[in-house]
Amino acid sequence: MRFLLLNGPNLNLLGTREPSIYGSETLEEIENHTQALLGKAGITLECFQSNAEHELINKIHQAKQDSVDYILFNPAAYTHTSIALRDALIAVEIPFTEIHLSDPKSREEFRHRSFFSDIAVEVVSGLGANSYYTAVEHAVKTIKEQNT
Ligand code: DQA
């Protein structure tokens, strides 16, 4: 079983980026903890972060070639703008969870629209780094239920 953790623009700055909104954990800490949780469930994890839309699209295409079973995705600001990333996820037909550290729905109005929520298996937001860990827990349960 293989999972992909995909993070969009500016999330490489976690730890120092607006900590009052996004918390103090670095992306590396989040990736390591996610890896540990999935490892316990016998699932392999690849992590990828990019500030470039086309690199995220290419990684989603690659995930199909690599037979990735599930994508954990924080599209960051692309949440609110990217039809291209939405189309890529639909094209590869890999189930995914949309993740946010903050709760975009309780922030500026331009963050209220998501191009992903209606096609995601689940949306987990507003829990800081725990959004990732909760998403992992639920995704593992979903995938295991599907395979029994
Ligand atoms: C975010 C929320 C987005 O609105 C924002 O552009 C981000 C991070 C979050 O994790 O809370 O970069 O996806």
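Both backbone and side-chain heavy atoms feed into the values below; hydrogens, waters and symmetry mates do not. Both counts, for ligands and for their atoms, begin at 1 and track the order of listing.
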**Study point:** Donor-acceptor pair, side chain of His61 and main chain of Leu56, under 3.5 angstrom
**Key:** no
Point to revise | Expected output: side-chain Asn51 to main-chain Asn10 donor-acceptor under 3.5 Å | key: yes
Practice item. Output all residues satisfying side chain to side chain donor-acceptor pair (under 3.5 Å) with His138, sequence neighbours left out; order by chain, then residue number. Key: Glu122
Review point. Who are the side chain to side chain donor-acceptor pair (under 3.5 Å) partners of Glu18, not counting sequence neighbours?
Key: none
Practice item. Compare all side-chain heavy atoms of Ile57 with those of Leu85 and state whether any distance is below 4.5 angstrom. Key: yes
Output, or 'none' if empty, a list of ligand 1-protein atom pairs in which both atoms are N or O and the distance is under 3.5 Å, rounded to 0.1 Å.
residue  : atom   : partner : partner atom : Å
ligand 1 : 4 (O)  : His80   : NE2          : 2.7
ligand 1 : 4 (O)  : Arg111  : NH1          : 2.9
ligand 1 : 6 (O)  : Ala77   : N            : 3.2
ligand 1 : 6 (O)  : Arg111  : NH1          : 3.0
ligand 1 : 10 (O) : Asn74   : ND2          : 2.9
ligand 1 : 10 (O) : Leu101  : N            : 2.8
ligand 1 : 11 (O) : Leu101  : N            : 3.3
ligand 1 : 11 (O) : Ser102  : N            : 2.9
ligand 1 : 11 (O) : Ser102  : OG           : 2.6
ligand 1 : 12 (O) : Arg17   : NH1          : 3.1
ligand 1 : 12 (O) : Arg17   : NH2          : 3.0
ligand 1 : 13 (O) : Asn74   : OD1          : 2.9
ligand 1 : 13 (O) : His100  : ND1          : 2.8

**Study point:** Summary of salt bridge (charged side-chain N to carboxylate O under 4.0 Å, His left out) pairs that have at least one residue in residues 123-147, sequence neighbours excluded
**Key:** none
